[in-house]
A.B. asks: 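Pasting a structure here, questions to come.
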Amino acid sequence: MHALADYSARRDVSLSLVAEAAIASFLSPDAEERKEAAITRRLDQIDRRVQRVERDVGIAIETLALFVRFWLSLTPVLPESARAEARAKGPQRYDGFVDALGRRLSKGPKLRQEIADDVPSAPPAGTDELPAP
């Protein structure tokens, strides 16, 4: 009621005229079109957000796949005598990795921010070789 009184005072018209116009606007066919337009805008926003999430997930998957491929290609198999020491050191190295990941996530920059939105198209099939070590 206060908002109605303030609006009518600013426009210098009666409360009933403002209320009548508001009700007419609400009940007019345009009201449905405005609702549909608002819903469409909201859906467009959601679609853009989903596209960004899909892009980020794609980046994460490709990053992990490339890392695993690179690591498996370049890491030699440990001799039997060094495997026990490596297994013992593994949890400590993993904890260090998790700590580093936590620091990076808390203060950035994020990998997705380092990757350009306009990534050039993929090279022809068979040319996605690993970088030289």
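Because the structure is a prediction, the values reported are computed rather than measured.
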A.B. asks: With sequence neighbours left out, what residues match R11 under side-chain hydrogen bond (donor to acceptor under 3.5 Å, both in side chains)?
C.D. replies: Y7
A.B. asks: Check L78 against A82 and note the closest heavy-atom contact, atom names and distance.
C.D. replies: CD1-O, 4.4 Å
A.B. asks: Determine, step by step, whether L4 and M1 satisfy the side-chain contact (heavy atoms from CB on, under 4.5 Å) criterion, reporting the C-alpha distance in whole Å, the side-chain angles of both residues, the deciding distance to 0.1 Å, and the verdict.
C.D. replies: CA-CA 5 Å; L4 180 61; M1 202 54 193; 4.2 Å; yes
A.B. asks: So which atom in S8 and which in L15 form the shortest heavy-atom distance, rounded to 0.1 Å?
C.D. replies: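 Looks like OG-CD2, 3.2 Å.
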A.B. asks: What class does the angle between the rings of F67 and W71 fall in, given that below 30° is parallel, 30 to 60° is tilted and above 60° is perpendicular?
C.D. replies: parallel
A.B. asks: Ignoring hydrogens and geometry, is there a side-chain-to-backbone donor-acceptor pair from T75 to L72 under 3.5 Å?
C.D. replies: no
A.B. asks: For Q51, does the CD atom have more than 12 heavy-atom neighbours from other residues, nucleotides or ligands under 6.0 Å away?
C.D. replies: yes
A.B. asks: Got E36 and E33 here, is their nearest side-chain heavy-atom distance under 4.5 Å?
C.D. replies: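 No, too far: nothing below the 4.5 Å cut-off.
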A.B. asks: Report the residue from I39, T40, D47 that forms a side chain to side chain contact (heavy atoms under 4.5 Å, CB included) with L43.
C.D. replies: I39
